[in-house]
Each structure stands twice: as C-alpha cells, then as structure tokens.
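Have a look at the structure below before the remarks.
Remember, predicted model here, so these are calculated numbers, not experimental data. Lettering follows sequence order; numbering is per chain, from 1.
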Amino acid sequence: MEIQISDRLAKKFRRNLIERGIEFLLLLAAMSAVFTTIAIVCILLYESYTFFEHVSLRDFLTDTQWTPLFADAHYGIMPLVSGTVTTAAIALAFAIPVGTIGAIYLSEFASHRVRETVKPILELLEGVPTIVFGYFALLLVTPLLQKLIPGLPTFNMLGPGIVIGIMVIPYIASVSEDAMRAVPMSMREGSYAMGATRFQTAIRVVTPAAISGIIAAYILAISRAVGETMVVAIAAGQQPNLTFNPMDSAATITAYIVQVAMGDLPHGSIGYQSIFAAGLVLMLMTLFFNLLGHFTRKKFREAY
Amino acid sequence: MVTVTTPLKAESRDLNFIYNGGHRALKGINMPLYEKKITALIGPSGCGKSTFLRCFNRMHDLYPGNKYEGQIVMHPDNTNVLGAGVDPIEVRMRISMVFQKPNPFPKSIYENVAYGLRVRGERNKRIIDDKVEEALKGAAIWDEVKDRLHDLAFNLSGGQQQRLCIARALATDPEIMLFDEPTSALDPIATANIEELMTELRDRLTILVVTHNMQQAARISDYTAYMYLGEMMEYGDTDRIFTNPTRKETEDYITGKFG
Ligand SMILES: Nc1ncnc2c1ncn2[C@@H]1O[C@H](COP(=O)(O)OP(=O)(O)OP(=O)(O)O)[C@@H](O)[C@H]1O
Ligand SMILES: [Mg+2]
C-alpha cells in the first residue's frame with residue numbers, strides 16, 4: 001500500500017516537473033520577443049540621446065528642412081514625417097475601401113470555390129518582395145499616371161502611395177475576411193429571418209459583428225504602410241520635402257534611413273546618429289496607431 | 001349547437017425535404033396550422049422538427065443544394081411558400097422566427113428591434129419609435145429596458161435577450177411566428193416568462209413551436225404534432241394527444257418510455 005502511494009506521488013512529482021519545464025520554455029520564448037523589443041528601444045533612445053546633444057528638440061520638431069548630409073545641415077524631421085504621412089495616407093485611402101469590399105465579397109458573396117482560389121493568391125501576394133513593388137511603381141504605375149496627369153514628375157508620392165496601397169490590400173482583405181468568417185452563422189440566420197437581403201446582412205450585421213477584427217486589419221495595414229521602405233526609396237525621389245502634395249517628390253523616414261545606412265557616413269557622426277532619431281519618431285508613430293487601434297477595438301469589443 | 005371552425009393559416013402538403021448530400025429529412029408531411037393557435041412539434045432528437053420548421057421561412061435556401069418537394073400553402077391568399085416564383089424574402093416578411101439560442105445583433109436594444117423595419121425601408125423615426133416601443137411591450141421587456149434602449153443588446157441576460165429577439169420578430173407584424181426550442185437555453189423563471197408571453201401572442205398571430213419539453217407542449221399548445229424519423233406520426237388536439245394518443249409510438253414518447 002505504502003509503496004503504491006509513494007509511487008504515485010513520484011509520478012505526480014515527475015509530471016509537475018515536466019509541466020514546469022514546458023512552462024518555463026514557453027515563458028522564455030515569449031520573453032525573447034519582449035527582450036528584443038526592449039533592446040531595440042534602448043538602443044534607439046541611447047543613440048538618439050547622442051543626437052539630441054547636438055540638435056535641440058525644438059529645431060528637430062520645427063525646422064522645415066532636413067539636410068543632415070549637407071554642409072549647411074538642418075535637422076527638421078517634419079519633411080520626412082510629411083512624406084511618410086502622405087504616402088501612407090494615399091495607400092490607405094486606396095487600400096481600406098478596396099480591401100474591405102474585397103473581404104465582404106469573399107466572406108459573404110463568393111462561392112466556396114472562388115474563395116478557396118482567391119485566398120491563397122492573396123497570401124502569395126503578401127510574400128512578394130517589396131523591391132519588386134518599388135520598380136512596379138517607378139516603371140509602370142508612374143508612367144501610367146503621367147499619361148493621366150500631365151506634368152507629373154518621374155519621382156512623386158502618388159505612384160508609390162498607390163503601390164503601397166496595392167501591397168497592403170491583401171493584408172486588409174485576408175485579416176478582415178477571417179474576422180467576418182468567424183461571425184457565427186446564427187447571427188446571419190437571425191438577419192435573413194428578418195427578411196434582410198444578403199447585402200443588408202453583410203453590411204448591417206456581419207460587418208459590425210466583425211468590427212474589432214477589421215480594425216485590427218486596418219492597424220496592421222497602417223503599420224505596414226508607414227513602415228514601408230523600398231517602394232518609396234525607389235519611386236518617390238529621396239528628397240526630403242515639407243509637402244503634403246501627392247505630385248511632389250519626397251522622402252519618408254524609412255527611405256531616409258536606408259539611404260544613410262547604406263551610404264558611407266562615418267559611424268558616430270551626427271548624420272549617422274540622425275537615423276536613430278528618425279527611427280525613434282517612426283516607432284512613436286507606429287506605437288500611436290497601435291494604441292489608437294487598441295482603444296477603438298476596446299470600444300467596439302463584441303461578445304457573441 | 002353551432003360548431004365554430006377555426007380558420008387555417010397555413011398547411012404543409014406532401015412536404016419532403018432533402019438535404020444537400022441526399023439525406024431525406026422529411027417524408028410526406030401533411031399538417032395544418034390553425035390561425036391564432038399554438039401548434040407544438042414534438043419528437044425525439046434528429047426526427048426533423050427543426051428541418052420542418054425552417055421550411056416555413058425558407059431558411060434552407062441559405063445553404064446550397066437543399067431541396068424541397070411538395071407545398072406549404074399560406075391562407076387566405078393560397079400562396080405556396082415553396083413555389084418556384086416566390087421570393088424567400090417576401091416569405092420572411094410574413095413569417096418570422098425565434099431561434100434556440102438568443103441571437104441579438106451587435107447593436108443597441110433599440111436598433112435590434114428596429115432592424116426589420118429598417119430592412120423594409122422604413123425611415124420615419126416616429127413610426128420606428130412607436131413600433132419599437134410596441135414590440136418591446138408586446139414581448140414583456142419594455143419596463144426592463146426602457147431606460148437603456150441605446151445600450152448594447154449583449155449586456156442583457158439570456159432570458160432578456162430571448163425576449164428581445166421575440167420583440168425583434170414582433171416589430172414587423174408577422175402573420176406566423178416560428179419558435180425553435182425557444183426556452184432550451186433558459187432557466188425556469190425565464191422559461192415561464194417566455195411561455196406566458198407566447199400564450200399572450202396567440203391573440204395576435206399563429207405560432208409553430210418546436211419543443212423538447214412535454215410539459216411545455218401540454219401547457220401552451222392547442223395542437224400537437226408528434227414526429228418520428230422524418231414522418232408525421234400523429235397530429236391532434238393537445239389535450240387528446242396527451243391523454244389519449246392513438247398510436248403506441250406517441251404514447252411511448254410522451255410517457256417517457258423512449259426519446
Ligand atoms: N445541414 C444538414 N445536412 C444534412 N443533414 C442534416 C442537416 N441538418 C440536419 N440534418 C439531419 O436531418 C435530420 C433532422 O434534423 P433536425 O435538426 O431537423 O432534427 P430535430 O428534430 O430538430 O432534432 P433536435 O431535437 O436535436 O433539434 C437529422 O437526421 C439530421 O442529422
Ligand atoms: Mg432542432
């Protein structure tokens with residue numbers, strides 16, 4: 001009798017040990033992401049600090065020129081911010097309607113066969129290297145736009161903006177579609193039973209029921225559009241320009257960062273440090289949108 | 001002595017239903033639905049009660065490959081609900097439904113009830129306000145929600161949600177209301193409320209209700225139909241079915257010998 005009990009206890013002990021071990025491994029995996037993020041933030045803050053020892057925060061925020069590489073150096077971040085905001089805004093103005101309508105179509109209207117064909121294609125599109133999209137913007141979209149808008153320069157924000165839009169459509173469509181699929185059938189049946197059409201059901205019931213997932217898709221898209229580098233670096237002209245006019249050429253924060261990081265600026269120069277300050281601004285922007293998304297989702301949070 | 005004949009509201013004639021994939025879930029069902037009466041459908045799980053109920057508002061049209069044979073005729077206009085030229089949306093405008101699990105929309109209490117009106121193109125706020133209030137009163141939930149009409153419907157309790165769904169179905173003045181086990185997800189008090197509500201609704205419209213609860217069928221219904229394996233085994237006055245069933249199978253089911 002006694003042997004049996006201690007035997008079982010030993011088993012229980014071993015089981016606990018394994019459980020603990022697995023738990024620890026999982027924790028480690030989760031923490032690695034957290035640590036990397038913290039490390040990145042620390043480096044950004046540290047390097048930016050060096051930068052701000054030479055440039056006042058006031059100049060950084062109010063100067064209308066960004067020319068760290070010139071003899072007459074100016075360090076106003078606003079031209080890069082305006083470039084980033086403008087290209088991202090063009091992209092989203094294009095991608096959010098198209099992506100959302102696509103998701104509604106796929107989830108509520110398309111036949112099973114159409115859906116099963118289109119979804120993998122969308123996912124494939126997500127995997128196309130962004131440099132391909134960059135040349136797509138420069139060599140195809142901008143020339144087409146130039147036919148429509150005479151006088152459009154070769155390097156402008158409209159073309160790359162639209163192409164970034166095309167790039168993020170699959171994200172919006174597939175994430176929103178997942179959210180809409182997850183709406184229980186009983187809710188659709190409730191709507192149809194009231195005499196609603198398919199369209200009314202899609203717009204008035206399914207979309208609001210999936211709104212938190214759809215907003216998540218938008219946030220993902222915004223982060224992608226704001227952080228997109230290659231397309232703008234290639235097709236928008238790499239010229240920091242304080243303008244919100246889509247016809248102008250401009251540079252974005254990320255485009256500037258690659259430009260400098262790939263050039264041969266000496267490590268430790270202010271020009272070099274400036275990319276960290278720019279990176280910090282980019283991170284704050286993305287953080288802002290994520291928080292915004294978080295709170296809108298909370299507000300719309302639904303429970304079935 | 002004068003015999004008062006109750007008018008027919010609808011009837012199914014030789015109704016067969018075949019699910020996508022070939023399963024024949026209903027076999028030659030004939031059943032009357034008397035006006036402003038409650039008809040209960042009973043029978044063991046899987047016998048086809050829900051399938052039958054959902055033929056009335058053409059819910060099966062939502063899924064491809066399902067097939068109806070036979071007719072469901074509505075009176076007095078003799079419309080065959082299952083007819084080829086009949087728009088299922090037209091049918092659902094006349095026949096509304098309350099589901100087993102309360103399924104309010106992700107909207108406010110007010111908008112849930114207004115849904116059917118909006119879908120029908122009603123824009124006049126005064127009319128909608130009136131109808132919403134009337135429907136909520138009709139579903140015996142007005143006093144509980146009148147101060148929070150613009151709260152999200154999900155914040156209500158299960159029983160309140162179910163009464164909200166009844167209000168939603170009532171707001172459009174349907175002729176027939178279908179209930180598929182409307183109380184199976186509710187506690188006894190909420191169940192009693194819904195049962196009382198259904199007997200009150202009998203003054204206004206015709207009710208077809210699926211239930212697993214024998215006492216419920218006996219308490220609230222005027223007529224009872226016993227289904228088994230896709231067939232209508234017995235139909236009659238509820239009093240007679242429960243006291244003096246003609247078929248052995250019905251008696252066994254009612255007395256709990258099986259099912
Ligand atoms: N979508 C479907 N496709 C194929 N067969 C189905 C489908 N839905 C139901 N059935 C079958 O049809 C028969 C009747 O089902 P139904 O849901 O009408 O039963 P029920 O009497 O409502 O049962 P319960 O009391 O459990 O709700 C069952 O044999 C069931 O397996
Ligand atoms: Mg059922």
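Of the two parts of Ile95(B), only the backbone, made up of N, CA, C and O, holds a non-hydrogen atom closer than 4.5 Å to a non-hydrogen atom of chain A. Contacts of Arg204(A) with chain B are made by both backbone and side-chain atoms, with heavy-atom separations under 4.5 Å. Only the side chain of Tyr63(B) comes within less than 4.5 Å of a heavy atom of chain A; its backbone N, CA, C and O stay farther away. Using a 4.5 Å cut-off between heavy atoms, Thr197(A) contacts chain B through both its backbone and its side chain.
Shown here is Lys146(B), whose NZ atom has more than 12 heavy atoms of other residues, nucleotides or ligands within 6.0 Å. Other residues, nucleotides and ligands place no more than 12 heavy atoms under 6.0 Å from the CD atom of Glu19(A). The 12-atom threshold is exceeded at CZ of Phe109(A), counting heavy atoms of other residues, nucleotides or ligands nearer than 6.0 Å.
With rounding to the nearest 0.5 Å, the separation of CG in Asp61(B) from OH in Tyr192(A) is 11.0 Å. In this structure, OG1 in Thr201(A) is found 7.5 Å from CZ in Phe105(B), a value given to the nearest 0.5 Å. With values rounded to the nearest 0.5 angstrom, Phe99(B) atom CZ is found 8.0 Å from Ser186(A) atom OG. Here Arg188(A) contributes atom CZ and Leu62(B) contributes atom CG; the two are 10.5 Å apart, rounded to the nearest 0.5 Å.
Counting heavy atoms from C-beta outward, Met187(A) and Pro104(B) have side chains that stay 4.5 Å or more apart. In this structure, the side chains of Met194(A) and Val119(B) stay at 4.5 Å or more apart for every pair of heavy atoms.
Among Met59(B), Met93(B), Met97(B), the residue making the largest number of heavy-atom pairs under 4.5 Å with chain A is Met59(B). Between chain A and the options Arg94(B), Arg58(B), Glu90(B), Arg168(B), the largest number of non-hydrogen pairs under 4.5 Å is found for Arg168(B).
Judged by distance alone, with hydrogens and angles left aside, the side-chain atoms of Asn57(B) form no donor-acceptor pair with the main-chain N or O of Ala193(A) at under 3.5 Å. For Lys107(B) (side chain) and Pro208(A) (main-chain N/O), no donor-acceptor pair under 3.5 Å exists by modelled atom type.
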